[in-house]
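Let me begin by presenting the structure, written as structure tokens, before commenting on it.
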Amino acid sequence: MRKFVEMLKEPECNGADLVNEASRMCNVLCLGTERIVDEIKENTETSDVFQDRIALPWIMQLYEMAQDRMYDARNEMAIKIGAALYKTLVQLDFISCKPADRSKDFVAGMSREHRTIQQSFSGIVFLYLAKVLDGKGMLAEADELMSLEGFPYGVWREELPLI
């Protein structure tokens with residue numbers, strides 16, 4: 001976990017290296033999503049990089065994967081929540097970034113990871129974005145919009161089941 005967070009601070013770190021570390025982190029995830037998210041948010045620089053270069057591009061990718069029906073039971077919940085969250089973030093005028101090259105490498109690599117790894121990583125992204133929205137006073141509105149997308153209050157930000 002700490003290595004992934006430290007890698008976010010390294011401008012020369014490429015997306016493929018981040019995918020490898022994220023995959024390793026999710027594969028041995030025993031500390032819980034909350035602790036990982038708190039560690040990412042601990043440092044403003046790390047948090048900004050994670051949000052703009054990892055989390056939001058991943059949400060965009062989940063939306064595209066939902067449109068193309070590129071999922072099965074192992075990552076279906078992550079894809080459906082991600083697609084609904086993308087629509088919600090657009091309505092909240094929260095998505096303002098265009099994926100950089102590093103982001104594209106990360107998203108492409110994570111899209112090829114095992115679907116259970118995608119599911120676990122998506123849970124980290126969802127909780128992270130929930131905490132960011134909460135800090136901006138937008139969580140209640142996000143919860144309301146997500147419930148309109150079919151995810152009852154708060155369900156979208158709870159830990160996804162590990163399959």
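We're numbering straight along the sequence, starting at 1.
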Between [atom1] of [X] and [atom2] of [Y], what distance do you get to the nearest 0.5 Å?
X: Asn14; Y: Asn20; atom1: CG; atom2: CG; value: 8.5 Å
X: Gln119; Y: Arg115; atom1: CD; atom2: CZ; value: 11.5 Å
X: Leu133; Y: Leu89; atom1: CG; atom2: CG; value: 6.0 Å
X: Glu39; Y: Phe4; atom1: CD; atom2: CZ; value: 11.0 Å
X: Leu139; Y: Glu144; atom1: CG; atom2: CD; value: 11.5 Å
X: Phe121; Y: Ile54; atom1: CZ; atom2: CD1; value: 6.0 Å

CA sep, side-chain torsions, deciding dist, call: Asn75, Met65, side chain to side chain contact (heavy atoms under 4.5 Å, CB included): CA-CA 11 Å; Asn75 67 340; Met65 291 167 78; 4.2 Å; yes
Any side-chain heavy-atom pair of Lys80 and Tyr71 under 4.5 Å: yes
Side-chain touch Lys9/Asn43, heavy atoms, less than 4.5 angstrom: yes
Exercise: do Thr88 and Glu149 side chains pair donor with acceptor under 3.5 Å: no
Chi angles and distances behind the side chain to side chain contact (heavy atoms under 4.5 Å, CB included) call for Ile40, Gln51: CA-CA 10 Å; Ile40 291 168; Gln51 177 178 310; over 6 Å; no
Lys3/Glu6 under salt bridge (charged side-chain N to carboxylate O under 4.0 Å, His left out): CA gap, chis, key distance, verdict: CA-CA 5 Å; Lys3 185 175 180 184; Glu6 289 302 316; over 6 Å; no
What are the two closest non-hydrogen atoms of [X] and [Y], and how far apart are they?
X: Gly154; Y: Asp143; result: N-OD1, 3.6 Å
X: Met7; Y: Asp17; result: CE-O, 3.4 Å
X: Gly82; Y: Ile59; result: O-CG2, 3.8 Å
X: Leu92; Y: Glu141; result: CD2-CD, 3.3 Å
X: Ser122; Y: Leu62; result: OG-CD1, 3.7 Å
X: Ala16; Y: Asp105; result: N-CB, 4.2 Å

Evaluation steps, side chain to side chain contact (heavy atoms under 4.5 Å, CB included), between Phe94 and Val132: CA-CA 11 Å; Phe94 191 81; Val132 169; 3.6 Å; yes
Can you list everything that forms a side-chain hydrogen bond (donor to acceptor under 3.5 Å, both in side chains) with [X]? Sequence neighbours excluded, please.
X: Asp38; answer: Lys131
X: Tyr128; answer: Ser47
X: Ser147; answer: none

Among Leu8, Leu129, Leu18, Leu56, side chain to side chain contact (heavy atoms under 4.5 Å, CB included) partner for Phe50: Leu8
Full working for side chain to side chain contact (heavy atoms under 4.5 Å, CB included) between Ile81 and Met146: CA-CA 8 Å; Ile81 290 173; Met146 287 297 286; 4.2 Å; yes
Hydrophobic cluster identity match, Met70 and Tyr86, side-chain contacts under 4.5 Å: yes
Close aromatic pair by centroid cut-off 6.0 Å: Phe126 and Phe151: no
Backbone of Val90 reached by a side-chain donor or acceptor of Asp93 within 3.5 Å: no
Given Glu113, Gln118, His114, the one that forms side-chain hydrogen bond (donor to acceptor under 3.5 Å, both in side chains) with Ser23: Glu113
Ring geometry between Trp58 and Phe106 (parallel below 30°, tilted from 30 to 60°, perpendicular above 60°): perpendicular
Lys/Arg N to Asp/Glu carboxylate O, Arg24 vs Glu21, below 4.0 Å: yes
